[in-house]
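For reference, the structure discussed in these notes is given below.
The basis for the numbers below is simple: all heavy atoms, side chains too, and nothing from hydrogens, waters or symmetry mates. These numbers come from a predicted model, not from an experiment.
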Amino acid sequence: MKLKEIEITAITGEKQKLEFDYKGLANYIFSKTKDIGELELARELYKKGEIELDKEKAMALKSYIGEAFGAVVQESLYPELDKIINQ
């Protein structure tokens, strides 16, 4: 999953590309996690801006996005994460 740029729906309803603060998310995960696997997820995300996700990683990422970002980001990323979680 690439996280350097995301597509959001603006208040006007128009789709817009937005540079995503993937390093901020990586730092957030890095500082909050108590799980070694999530620590590695944070490092990989920080270095590359994209990560390979399985169900477990997608669930963790969804949780951290919910804590760290507002609804407009959640609306953009949750559907992609849910596809991975529910497959």
Side-chain angles (χ1 to χ4, degrees):
M1 179 175 205
K2 294 183 180 183
L3 291 169
K4 290 182 179 182
E5 184 177 84
I6 63 173
E7 185 175 86
I8 64 162
T9 304
I11 197 164
T12 60
E14 295 176 42
K15 298 287 185 184
Q16 294 180 339
K17 296 282 185 179
L18 175 72
E19 284 188 38
F20 183 65
D21 185 16
Y22 68 93
K23 286 188 175 186
L25 175 58
N27 279 317
Y28 184 82
I29 295 168
F30 190 84
S31 70
K32 297 289 182 182
T33 190
K34 295 178 179 152
D35 182 273
I36 292 174
E38 290 178 6
L39 193 65
E40 289 305 314
L41 173 75
R43 287 181 174 134
E44 182 181 354
L45 178 58
Y46 188 89
K47 290 176 187 174
K48 299 178 183 176
E50 60 183 78
I51 45 178
E52 293 290 324
L53 294 176
D54 59 17
K55 181 177 181 175
E56 186 177 312
K57 289 179 182 177
M59 289 171 55
L61 198 59
K62 184 175 178 180
S63 175
Y64 286 112
I65 288 168
E67 293 173 16
F69 292 92
V72 69
V73 172
Q74 293 171 20
E75 178 183 56
S76 173
L77 296 176
Y78 279 10
E80 292 300 314
L81 294 169
D82 286 339
K83 286 179 191 174
I84 297 166
I85 292 167
N86 296 320
Q87 57 176 323

[X]-[Y] co-clustered via ILVMFWY side chain contacts under 4.5 Å:
X	Y	result
Phe30	Met1	no
Tyr46	Leu53	no
Leu25	Leu18	yes

Open item on the list: What verdict does the side-chain contact (heavy atoms from CB on, under 4.5 Å) test give for Ile51 and Leu61, after you've listed the backbone C-alpha separation in whole Å, the side-chain angles of each residue and the deciding distance to 0.1 Å?
Closed with: CA-CA 11 Å; Ile51 45 178; Leu61 198 59; 3.9 Å; yes

Using a cut-off of 6.0 Å, state whether more than 12 heavy atoms not belonging to [X] lie near its atom [atom1].
X	atom1	answer
Glu19	CD	no
Met59	CE	no
Tyr78	OH	yes
Glu56	CD	no

Open item on the list: Strictly distance-based, threshold 3.5 Å: is any side-chain N or O of Thr33 a donor or acceptor partner for the main-chain N or O of Ile29?
Closed with: no

Task: Note, Ile65 side chain near Leu81 side chain (heavy atom, < 4.5 Å) - done: yes

Open item on the list: So Glu14 and Thr9, do their side chains get closer than 4.5 Å, heavy atoms only?
Closed with: no

Atom [atom1] in [X], atom [atom2] in [Y]: separation rounded to 0.5 Å?
X	Y	atom1	atom2	answer
Lys23	Leu3	NZ	CG	13.5 Å
Tyr22	Glu50	OH	CD	9.5 Å
Lys32	Ser63	NZ	OG	11.5 Å

Open item on the list: Going by side-chain contact (heavy atoms from CB on, under 4.5 Å), Lys62 matches just one of Leu77, Ile85, Ile84. Which one?
Closed with: Ile85

TODO: Please work out which of the three classes, parallel, tilted or perpendicular, describes the rings of Tyr64 and Tyr28, given edges at 30° and 60°.
DONE: perpendicular

How close do [X] and [Y] get, heavy atom to heavy atom, and via which atoms?
X	Y	answer
Lys57	Leu41	CD-CD1, 4.1 Å
Glu7	Ser76	O-OG, 2.7 Å
Pro79	Gln74	CD-O, 4.1 Å

